[in-house]
Structures are given as structure tokens and as C-alpha cells.
Amino acid sequence: MSNPDIANFIQQAFEAVRIKSDLKPRILIVLGSGLGGLADDIVDPVRVPYSDVPGFAVSTVHGHAGAFLLGHLCGVPVIVMQGRIHFYEGYPMWQITLPVRVAHALGATAMIVSNAAGGINRNYAVGDVMMMSDHINMIGMAGHNPLIGPNDEALGPRFPSMTEAYDASLRRMARQVAATAGINMQEGVYFGLAGPAFETPAELRFLRAIGADAVGMSTVNEVLVARHAGMRVLGFSGITNVARLQADEGEPPSHQEVLEAGPKIAPKMLAIVKGVLAEWK
Ligand code: HPA
């Protein structure tokens with residue numbers, strides 16, 4: 001499906017949020033698995049449920065609340081996406097990524113994004129935090145990209161570069177923060193696919209062969225739109241399970257396992273993100 005008049009949707013959603021808060025956020029933070037606890041640290045948050053924002057889809061996945069939170073975190077004005085929409089929920093790409101467009105319209109010039117992912121790199125263990133150095137967009141390669149359709153030059157260029165999708169200077173900052181806090185942070189390539197079925201062992205061997213370190217069902221669409229809009233991006237994956245590259249190896253992955261790994265990941269991811277915010281210039 002080609003995109004509708006995105007600018008019109010952005011404007012309507014923008015107005016619905018502005019009525020509730022006049023905060024001008026500098027950073028959009030997308031709370032995936034691992035960063036949920038960040039919501040509790042926001043000073044004087046204004047909550048705007050997605051159901052109150054025209055054009056927004058409402059998440060159907062257990063564990064994903066759907067609301068914007070606007071407030072201050074470590075002294076920085078932020079807008080937080082508490083919950084996101086995944087492609088496998090059946091919504092069109094432009095709608096999945098509309099909250100990123102609206103956050104940008106409200107003032108955000110950077111995005112910190114997080115997700116749960118399966119570890120493919122043999123050195124990764126459940127509970128690890130991986131900073132995203134790059135991604136492979138399998139959904140996009142299969143022809144589903146939020147930038148497909150007529151391009152509105154006011155929103156971004158027709159052919160945006162993805163050479164540095166994940167901002168090098170922000171990654172340097174995060175590396176320093178992690179080292180100072182004594183956190184052993186991994187860094188690698190996130191492979192984004194549609195889901196909702198987990199991968200077969202043969203698919204996982206394929207992903208490893210082509211250079212993926214972790215695999216998940218979100219994030220790449222938000223990153224494409226954020227980069228199209230000129231936002232700087234920093235991304236983190238929480239490794240909630242490790243890939244079974246052979247069918248007879250360990251237990252199959254489950255959503256329960258993904259939820260259970262959260263407490264191991266959250267303190268580290270929170271410390272890194274707060275450390276980065278504290279140094280934000
Ligand atoms: N595969 C895809 N998505 C995921 C996984 C996985 O193993 N773990 C968490 N999200």
C-alpha cells in the first residue's frame with residue numbers, strides 16, 4: 001500500500017499531543033524490552049495514550065503499553081514511546097512509524113531505541129546488552145519499507161543514506177559510559193525481520209553467515225524514518241535468548257523467555273542510557 005498524506009496525519013497527531021503538553025522534546029526514546037523502567041524516572045510526565053492521538057495504531061502485544069510520555073529525564077526534555085507497533089501486528093508501515101514522525105515534529109532531533117533480540121553471535125549470552133552498530137533490514141529487502149510511496153521532500157530526501165544509520169559520536173559516548181560503569185557492552189549488527197514466528201535453525205544459520213549478531217522483529221522501520229527525518233540514532237538490543245542453530249540444541253525460543261530475561265538486561269541498559277543523557281550536549 002502506498003503512503004497516504006503523511007504530512008496531514010503528522011499535523012493532526014502533533015496538535016493532539018501539543019494540546020496536552022507544550023514540552024519541546026530534544027530526544028525520542030523508544031522503550032522496547034529492557035528500558036521499560038525508564039518511564040518511572042521521568043520528572044512530571046504527561047501521558048498521552050496512543051488511543052487519544054488521531055492516526056495512531058494501538059499495540060496488540062502483551063507487555064507493550066501504548067502511550068507517549070513527555071517530561072524530563074536526567075535534565076533533558078524527552079518524549080518517550082511507551083510501546084511500539086510491530087509489522088506483524090498487521091498495520092501499514094507509515095502508521096507503525098507515525099509516532100517517530102510526530103516526535104520529530106514536536107522537536108526531537110535524536111532517537112534512542114531499544115529492543116529485545118535473539119543472540120546469533122556465539123559470544124553473546126542471555127542478559128547481554130548489544131549496542132547496534134548497524135542493521136540488515138530484511139523486511140525492507142522484501143519490499144516493505146516505510147519510505148515506499150510518494151516522497152514528501154519536506155519530511156526528508158527520496159534516497160536517504162543509511163551509511164551511518166547509528167550515530168558514531170553517540171556510540172562513542174555510550175561506549176565510554178559503559179566502560180566507566182563497568183558494563184561489558186556488546187556491539188553488533190541487528191537483523192530486522194517481520195516475525196511473528198521465530199526463526200528456523202536453517203534461517204538462523206543463514207543470518208549468522210551473512211553477518212548478523214542479533215535478530216529481532218522491530219526497530220529498523222523506526223530507524224529508517226528517523227534517519228529520513230535527519231535524526232541521530234542510538235540503538236540497543238537486549239539479548240533475551242540465544243539462537244539454536246541446530247534443531248536438537250536446547251529449548252525452542254518463547255515469548256515467555258523473552259519477558260523473563262528483562263530483569264537481567266534492564267539495569268545495564270538503563271545505566272547506559274541515563275549515562276548518555278547525563279552527558280547530552
Ligand atoms: N528472534 C526474533 N525476535 C526476537 C528473538 C528471536 O530469537 N528474541 C527476541 N526477539
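The analysis underlying the following values was restricted to heavy atoms, covering all of them including side chains, and did not include hydrogens, waters or symmetry mates. Heads up: numbering here begins at 1 and tracks the sequence. In each ligand, atom 1 is the first atom listed, and ligand 1 is the first ligand listed.
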A.B. asks: Nearest 0.5 Å please: distance from the CD atom of Glu222 over to the CE atom of Met93.
C.D. replies: 10.0 Å
A.B. asks: Below 4.0 angstrom from a heavy atom of Ala116, which ligand 1 atoms are there? Numbered from 1 as shown, please.
C.D. replies: 9 (C), 10 (N)
A.B. asks: Which atom pairs, donor and acceptor, lie under 3.5 Å between side-chain atoms of residues 267-275 and protein residues at least two apart or in another chain?
C.D. replies:
{"residue": "Lys268", "atom": "NZ", "partner": "Gly127", "partner atom": "O", "Å": "2.7"}
{"residue": "Lys274", "atom": "NZ", "partner": "Asp41", "partner atom": "OD2", "Å": "2.7"}

A.B. asks: Check ligand 1 against Gly118 and write out every atom of the ligand that is under 4.0 Å from a heavy-atom position of the residue.
C.D. replies: 5 (C), 6 (C), 7 (O), 8 (N), 9 (C)
A.B. asks: Taking atom types as modelled, is there a side-chain donor on Asn115 or Thr219 under 3.5 Å from an acceptor on the other?
C.D. replies: yes
A.B. asks: Please give me the minimum heavy-atom distance between Gln95 and Gly55, naming the atom from each residue.
C.D. replies: NE2-O, 3.0 Å
A.B. asks: Need the ligand 1 atom indices (1-based, order shown) with element for anything under 4.0 Å from a heavy-atom of Thr240.
C.D. replies: 8 (N), 9 (C)
A.B. asks: Could you list which atoms of ligand 1 come closer than 4.0 Å to a heavy atom of Glu199?
C.D. replies: 1 (N), 2 (C), 6 (C), 7 (O)
A.B. asks: Just by distance, no angles: are the side chains of His144 and Asn221 close enough, under 3.5 Å, to form a donor-acceptor pair?
C.D. replies: no
A.B. asks: Check Ala243 against ligand 1 and report side chain, backbone, both or neither, counting heavy atoms closer than 4.0 Å.
C.D. replies: neither
A.B. asks: Which atoms of ligand 1 are found less than 4.0 Å from any heavy atom of Asn241?
C.D. replies: 5 (C), 6 (C), 7 (O), 8 (N), 9 (C)
